[in-house]
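Keep in mind that what you see is a predicted model, and the values were worked out from it rather than measured.
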Amino acid sequence: MTNRGTTQPLLDQLHQTHHTVGLGRKRFRRSKSTPVGEIAPVEINEIKNDQSLLRSELILDKLHPSIRKVIVYLIIYLGIGTICFYFVRSKIKGKKIDGVLDSLYFCVVTMTTVGYGDLVPNSATTKLLACVFVFSGMALVGLVLSKAADYLVEKQETLLIKALHMGCRVGPSEILKEIETNKVRYKCFMVAAFLIMLIIIGTVVLTRVEKFDTVDAFYCVCATITTLGYGDKSFSTKAGRIFSIFWILTSTLCLGRFFLYVAEWNTEKRQKEIVKWVLSRRTTNVDLEEADLDDDGVVGAAEFVIYKLKEMGKINQHDIAAVLKEFESLDVDQSGTLSTADLTLAQSS
């Protein structure tokens with residue numbers, strides 16, 4: 001167990017940080033009262049243009065490399081899979097339409113684990129090849145495509161919040177606060193709406209292109225996006241298989257994200273209930289004894305914050321011990337505070 005006496009430097013630092021933040025907040029409030037007329041309009045426009053340019057560059061830096069990486073990985077996977085299955089297409093039985101299209105279609109059905117059964121490996125070589133691509137495809141969906149889906153959903157959260165608050169003016173700070181507070185819930189809403197749209201589109205395409213009746217089309221859609229893949233109903237036309245290459249990959253990934261977000265939402269709700277209970281329950285003498293880390297008979301703000309965070313499950317004793325250990329390693333002169341000289345000595349040693 002960590003020695004309580006070693007927590008004093010951390011508590012002093014937290015007190016100083018709290019005091020500094022308070023002073024900074026007061027200075028910020030006074031600066032807000034500065035008349036706008038003291039700043040020239042040209043300077044305001046230049047500042048706005050610089051901020052807009054910087055923001056655009058940051059968005060491009062974050063968006064394009066991620067999406068580009070996903071596209072490259074997907075093209076490589078589908079390209080290799082299509083080529084491999086094309087050369088062994090004679091050893092795949094089932095209803096065939098076009099060599100390249102069937103190979104690409106079979107690759108997508110394999111990687112998403114839908115497995116209709118309309119195209120089936122019919123030799124040891126194709127079976128082993130299918131095993132390789134099903135595992136690599138699942139890894140690609142789980143690691144790469146899922147992250148890309150998360151990123152795209154997060155980018156749409158701002159639009160969703162603005163749509164929900166269409167009748168009132170919502171500023172950037174309110175949007176950020178709303179996203180931070182209900183981030184997982186909005187993800188659920190976004191993915192659920194997109195999933196419903198994909199179900200409707202899939203049902204319409206199956207009724208129009210594959211000539212299914214409405215019930216069979218909806219049945220095939222449900223069997224596909226859940227990767228159940230009974231195989232009695234599937235895409236059997238050229239136009240249908242071209243559509244399925246994009247639709248199957250998107251819909252199965254969307255459903256997986258939806259269930260993940262629902263689980264995160266439930267976890268977040270339980271965590272908020274714990275926080276609410278910790279903040280609402282009555283503080284007792286036992287709590288004060290536990291919160292008094294330096295055994296001086298009184299509990300400061302920093303000690304109280306640390307104790308409450310431990311109760312909420314935000315941190316634990318191991319986290320506090322690790323932070324104190326890092327602090328002690330940086331505090332070279334053992335003064336109980338950190339300075340530039342301490343950091344220089346610690347880095348040089």
Exercise. Closest approach of Thr337 and Asp342, non-hydrogen atoms and distance?
Worked result: O-OD2, 3.0 Å

Exercise. Is there a path of hydrophobic side-chain contacts, each under 4.5 Å between heavy atoms of I, L, V, M, F, W or Y residues, that connects Ile97 with Trp247?
Worked result: no

Seminar exercise, completed: In short, ring pair (Phe, Tyr, Trp, His ring centres under 6.0 Å) pairs touching residues 105-144 with sequence neighbours left out are Tyr77-Phe133, Phe85-Phe106, Phe85-Phe133

Seminar exercise, completed: Sequence neighbours excluded, the answer for side chain to side chain donor-acceptor pair (under 3.5 Å) partners of Asn122 is none

Exercise. Taking side chain as C-beta onward, heavy atoms only, is Val262 less than 4.5 Å from Cys188?
Worked result: yes

Exercise. If you draw a 6.0 Å radius around CD in Glu326, do more than 12 non-hydrogen atoms from other residues or ligands fall strictly inside?
Worked result: no

For this session: With side-chain contact (heavy atoms from CB on, under 4.5 Å) as the test, would you mind laying out the steps for Ile248 and Thr224 before giving the verdict?
Result: CA-CA 7 Å; Ile248 291 175; Thr224 300; 3.8 Å; yes

For this session: Show your working on side-chain contact (heavy atoms from CB on, under 4.5 Å) between Leu74 and Leu249 and close with a plain yes or no.
Result: CA-CA 11 Å; Leu74 189 60; Leu249 184 60; 3.8 Å; yes

For this session: Please indicate whether Met197 has more than 12 foreign heavy atoms, meaning atoms of other residues, nucleotides or ligands, lying under 6.0 Å from its CE.
Result: yes

Problem set entry | Exceeds 12 heavy-atom contacts within 6.0 angstrom, atom CG of Asp213 | yes

Seminar exercise, completed: Between Val299 and Ala291, the two heavy atoms sitting closest are CG1-CB, 3.9 Å

For this session: Could you list the residues that satisfy side chain to side chain donor-acceptor pair (under 3.5 Å) with Thr250, not counting sequence neighbours?
Result: none

For this session: Please tell me if the side chains of Met111 and Val134 come closer than 4.5 Å, counting only heavy atoms from C-beta onward.
Result: no

For this session: Examine Tyr86 and Leu78 and state if one hydrophobic cluster contains both, with Ile, Leu, Val, Met, Phe, Trp and Tyr joined whenever side-chain heavy atoms are less than 4.5 Å apart.
Result: no

For this session: Report whether Val100 and Leu119 are members of the same hydrophobic cluster (ILVMFWY, side-chain heavy atoms less than 4.5 Å apart, transitive linking).
Result: no

Exercise. Is the backbone of Arg270 close enough, under 3.5 Å, to the side chain of Asn266 for a donor and an acceptor to pair up by distance?
Worked result: no

Exercise. If every non-hydrogen atom of Leu129 is compared with every non-hydrogen atom of Cys84, which pair is closest and at what distance?
Worked result: CD2-CB, 3.7 Å

Seminar exercise, completed: Rounding to 0.5 Å, atoms OG1 (Thr267) and CH2 (Trp265) come to a distance of 12.5 Å

Exercise. In Å and rounded to the nearest 0.5 Å, what is the CD to CG distance from Glu210 to Asp216?
Worked result: 12.0 Å

Exercise. Any chain of hydrophobic side-chain contacts (each under 4.5 Å) joining Ile83 to Val72?
Worked result: no

For this session: Specify the closest pair of heavy atoms between Val141 and Leu253, including all atoms of both residues, with the distance to one decimal.
Result: CG1-CD1, 3.8 Å

For this session: State yes or no: do Leu104 and Ile80 share one hydrophobic cluster built from I, L, V, M, F, W and Y residues joined by side-chain heavy-atom distances below 4.5 Å, directly or via other members?
Result: yes

Exercise. Which other residues end up in the same hydrophobic cluster as Tyr230, if Ile, Leu, Val, Met, Phe, Trp and Tyr are linked when side-chain heavy atoms come under 4.5 Å apart?
Worked result: Tyr219, Leu228

Exercise. Would you say Glu290's side chain and Tyr307's backbone share a donor-acceptor pair under 3.5 angstrom?
Worked result: no

Exercise. Between Thr110 and Cys107, is a side-chain contact (heavy atoms from CB on, under 4.5 Å) present by the stated rule, with each step listed?
Worked result: CA-CA 5 Å; Thr110 300; Cys107 189; 5.8 Å; no

Problem set entry | Under the side chain to side chain donor-acceptor pair (under 3.5 Å) test, residues paired with Thr344 that sit two or more places apart | none

Exercise. Does Glu273 reach the side chain of Glu268, with side-chain heavy atoms less than 4.5 Å apart?
Worked result: no

Exercise. Considering the options Leu206, Val114, Asp118, which one meets the side chain to side chain contact (heavy atoms under 4.5 Å, CB included) requirement together with Ser234?
Worked result: Asp118

Problem set entry | For Thr226, all residues meeting side chain to side chain donor-acceptor pair (under 3.5 Å), sequence neighbours excluded | none

Problem set entry | Electrostatic pair Lys269:Glu264 at N-O distance under 4.0 angstrom | no

For this session: Take atom NZ of Lys308 as the centre, draw a 6.0 Å sphere, and report whether it contains more than 12 heavy atoms from other residues, nucleotides or ligands.
Result: yes

Exercise. Do the charged groups of Arg241 and Asp102 touch, with an N to O distance under 4.0 Å?
Worked result: yes

Problem set entry | For Gly202 against Val221, the heavy-atom pair lying closest together | C-CG2, 3.6 Å

For this session: Look at atom CZ of Phe243 and say whether more than 12 heavy atoms of other residues, nucleotides or ligands are closer to it than 6.0 Å.
Result: yes

Exercise. What are the two closest heavy atoms between Ala217 and Thr207, and how far apart are they?
Worked result: CB-CG2, 3.5 Å

